[in-house]
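Here the structure is laid out as structure tokens; the discussion comes afterwards.
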Number of protein chains: 2
Amino acid sequence: MQLKSQVEWALHCCALLSALPPNRYLSTKVLAEFHGVPKEYLSKALQSLSQAALVEGTLGPSGGYRLARAPENITFLDIVEAVEGRGPSFVCNEIRKNNPCRAADYCEARACPIAQVMGQADQAWRSHLRGVTLAELGRRLQADIPADLLERSFEWLTSR
Amino acid sequence: MQLKSQVEWALHCCALLSALPPNRYLSTKVLAEFHGVPKEYLSKALQSLSQAALVEGTLGPSGGYRLARAPENITFLDIVEAVEGRGPSFVCNEIRKNNPCRAADYCEARACPIAQVMGQADQAWRSHLRGVTLAELGRRLQADIPADLLERSFEWLTSR
DNA sequence: GACCCGGTACTCGGATATAATATGTCCGAGTCTGTACGG
DNA sequence: CCGTACAGACTCGGACATATTATATCCGAGTACCGGGTC
């Protein structure tokens with residue numbers, strides 16, 4: 001079990017978009033070159049974000065993507081679920097129903113205890129992701145990256 | 001991202017094995033028929049458990065598997081990691097190193113903040129799984145399943 | 001000089017191939033059990 | 001009657017196909033910019 005690399009790309013792209021001046025777009029091409037990933041494939045991740053209404057795209061020259069909401073209102077979970085899907089990591093196939101001793105018309109009152117535990121673990125994972133917004137990520141990045149590198153990077157990004 | 005169905009099977013099989021009398025084995029064949037899953041493929045999951053030293057197998061007639069440790073000392077995490085692998089769900093490919101503005105010899109002091117958040121979420125997931133043992137699962141199952149069905153099931157299992 | 005219009009180049013979006021992984025199947029090496037035989 | 005040797009059947013363990021998913025790529029529809037032409 002492993003998250004797609006698109007998730008990583010989407011998170012990095014959103015981090016950049018969240019620090020962008022208003023009414024400014026970044027194109028797939030620029031984002032792909034900046035991160036050193038295939039442009040065509042990265043576009044699929046951005047499409048997923050677009051369909052989830054996390055970013056919005058514009059056509060034509062100087063077009064691209066920008067955030068559709070304020071960075072305070074976008075969480076890691078939003079991005080991960082947009083790219084990876086909203087389904088739970090553990091799906092219960094109800095194999096307990098195949099128990100040959102069970103009556104055919106027996107109806108389970110509660111969810112399978114195993115599925116319950118796995119589901120709670122899944123919720124713990126999601127809760128953590130829901131607790132970190134893009135705004136918070138921006139603060140951490142600013143504390144982590146040297147100011148001059150940050151400045152040069154945005155210079156590089158916005159000059160194309 | 002989705003856990004393999006083998007994880008579910010392994011958990012159900014371990015639940016049964018944990019309620020077994022000492023020095024009693026259950027064969028792949030019986031476990032597969034009980035759960036209604038392909039015998040040959042289930043055996044792969046049990047092999048993983050065996051390699052992780054969670055269960056131990058015996059050959060010949062009346063052979064099969066039994067737990068290698070007490071149910072109190074086996075957690076959900078042990079089983080999930082044995083089948084699914086110990087690797088984290090999010091792998092950081094360090095795409096920040098591809099930043100064209102970065103000096104080539106620049107050395108990152110800390111882990112990428114994005115990877116940190118994802119890693120902490122992963123740890124939250126693992127912590128929850130580590131907190132539930134097979135013994136605890138056994139108690140919940142006993143509370144969830146009617147006593148007569150439980151008894152008939154073990155009758156069915158041990159009579160083969 | 002200001003406005004309008006059309007061409008062009010650039011954008012996103014979805015449809016299409018390839019690689020990796022999960023799923024499912026098969027067969028061989030080894031061992032326990034049950035039986036037949038001999039003492 | 002008891003111990004022993006043996007044949008058989010059953011077990012696990014790993015090697016081999018197939019289906020599904022992730023990865024990577026391509027091409028078409030649509031739109032904003034830019035230049036020229038007109039009023």
Side-chain angles (χ1 to χ4, degrees), chain A residues 1-10 13 17 23-33 35-68 80 82-85 87 89-91 93 95 157 160, chain B residues 1-10 13 17 23-33 35-68 80 82-85 87 89-91 93 95 159-160:
Chain A
M1 198 242 339
Q2 196 169 304
L3 292 156
K4 342 185 183 187
S5 50
Q6 284 187 340
V7 172
E8 182 182 12
W9 304 350
C13 288
L17 292 176
N23 284 11
R24 189 74 166 72
Y25 294 85
L26 284 183
S27 71
T28 305
K29 182 161 172 276
V30 170
L31 287 169
E33 289 177 358
H35 291 126
V37 300
K39 170 172 86 80
E40 323 280 1
Y41 190 29
L42 173 63
S43 103
K44 280 207 68 175
L46 296 171
Q47 279 175 44
S48 299
L49 296 177
S50 175
Q51 288 176 349
L54 298 175
V55 304
E56 50 193 17
T58 302
L59 266 47
S62 83
Y65 291 98
R66 71 175 174 190
L67 292 187
V80 171
V83 174
E84 193 69 38
S89 62
F90 180 87
V91 292
N93 293 111
I95 63 175
L157 283 166
R160 324 208 152 197
Chain B
M1 196 240 342
Q2 196 169 307
L3 292 155
K4 346 184 180 186
S5 49
Q6 284 187 340
V7 172
E8 182 182 12
W9 304 351
C13 288
L17 291 176
N23 284 11
R24 187 75 166 73
Y25 294 84
L26 284 184
S27 71
T28 305
K29 182 161 172 276
V30 170
L31 287 169
E33 288 177 359
H35 290 126
V37 300
K39 170 172 86 80
E40 324 280 2
Y41 190 30
L42 172 64
S43 104
K44 282 205 68 177
L46 296 171
Q47 280 175 43
S48 299
L49 296 177
S50 175
Q51 289 176 349
L54 298 176
V55 304
E56 51 193 16
T58 303
L59 265 48
S62 84
Y65 292 97
R66 70 174 174 192
L67 292 187
V80 170
V83 174
E84 194 66 44
S89 62
F90 180 87
V91 292
N93 293 112
I95 63 176
S159 70
R160 326 210 150 193

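Just so it is clear: chains get the letters A, B, ... in the order the sequence lines come, proteins before strands, and each one is counted from 1. Reckoned from all heavy atoms, side chains included, excluding hydrogens, waters and symmetry mates.
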Which sits closer to the 5' end of DNA chain C, W9(B) or K44(A), going by the nucleotide each is nearest to?
-> K44(A)
Would you kindly give the CD-to-C1' distance between E8(B) and dA22(C), to the nearest whole Å?
-> 15 Å
Rounded to the nearest angstrom, tell me the gap between atom CG in L42(B) and atom P in dT23(C).
-> 13 Å
Phosphate oxygens OP1/OP2 of dC12(C): is one of them under 4.0 Å from a side-chain N or O of Q47(A)?
-> no
Closest to the E40(B) side chain, choosing from dC10(D), dA24(D), dC27(C) | dC27(C)
CD of E84(A) versus P of dT21(D): gap in Å, rounded?
-> 13 Å
Please report, rounded to the nearest Å, how far the P atom of dT25(D) is from the NZ atom of K39(A).
-> 11 Å
Mind calculating the distance between CG (L49(B)) and P (dG14(D)) to the nearest angstrom?
-> 13 Å
Does the side chain of T58(A) get closer than 4.0 angstrom to OP1 or OP2 of dT11(C) through an N or O atom?
-> no
Side-chain N or O of Y41(A) closer than 4.0 Å to phosphate OP1/OP2 of dT16(C) = no
Look only at the side chain of S48(A) and the backbone of K44(A), and say whether a donor-acceptor pair between them is shorter than 3.5 Å.
-> yes
Measure from the side chain of K29(B), starting at C-beta and using heavy atoms only, and say which of dT11(D), dT23(C), dC33(D) lies closest.
-> dT11(D)
Indicate yes or no for a side-chain donor-acceptor contact from E84(B) to the backbone of K4(B) under 3.5 Å, with no hydrogens or angles considered.
-> yes
Stepwise side-chain contact (heavy atoms from CB on, under 4.5 Å) check, T28(B) with Y65(B) | CA-CA 8 Å; T28(B) 305; Y65(B) 292 97; 3.5 Å; yes
Report yes if a side-chain nitrogen or oxygen of S62(B) is closer than 4.0 Å to either non-bridging phosphate oxygen (OP1 or OP2) of dC32(C); otherwise report no.
-> no
Given dC12(D), dG14(D), dC12(C), the nucleotide with the shortest approach to the side chain of L59(B) | dC12(D)
So what does P38(B) hit on the nucleic acid, given a heavy-atom distance under 4.0 Å: a base, only sugar-phosphate, or nothing?
-> sugar-phosphate
So how far is it from E56(A) CD to L17(A) CG, rounded to the nearest 0.5 Å?
-> 11.0 Å
Out of dT11(D), dG24(C), dA22(D), minimum distance to the side chain of S27(B) belongs to dT11(D)
5'-most contact on DNA chain D: K4(A) or G60(A), nearest heavy atom basis?
-> K4(A)
Just call it for Y65(B): base, sugar-phosphate, or nothing, with non-hydrogen atoms closer than 4.0 Å on any strand.
-> sugar-phosphate
Distance col, row W9(A):CH2 vs N93(B):CG, nearest 0.5 angstrom, shows 8.5 Å
Phosphate OP1/OP2 of dG13(D) contacted by S50(B) side-chain N/O (<4.0 Å) = yes
To the nearest angstrom, the CG-C1' distance between L26(A) and dC10(C) comes to 15 Å
Y25(A) OH to T58(A) OG1 distance, which is reported to the nearest 0.5 Å = 3.0 Å
Let me know the distance between CD of Q6(A) and P of dT23(D), rounded to the nearest Å.
-> 6 Å
Contact class for Q51(B) vs. all strands (heavy atom < 4.0 Å): base, sugar-phosphate, or nothing?
-> sugar-phosphate
Starting at CD of E56(A) and ending at P of dT31(D), how long is that distance when rounded to a whole Å?
-> 15 Å
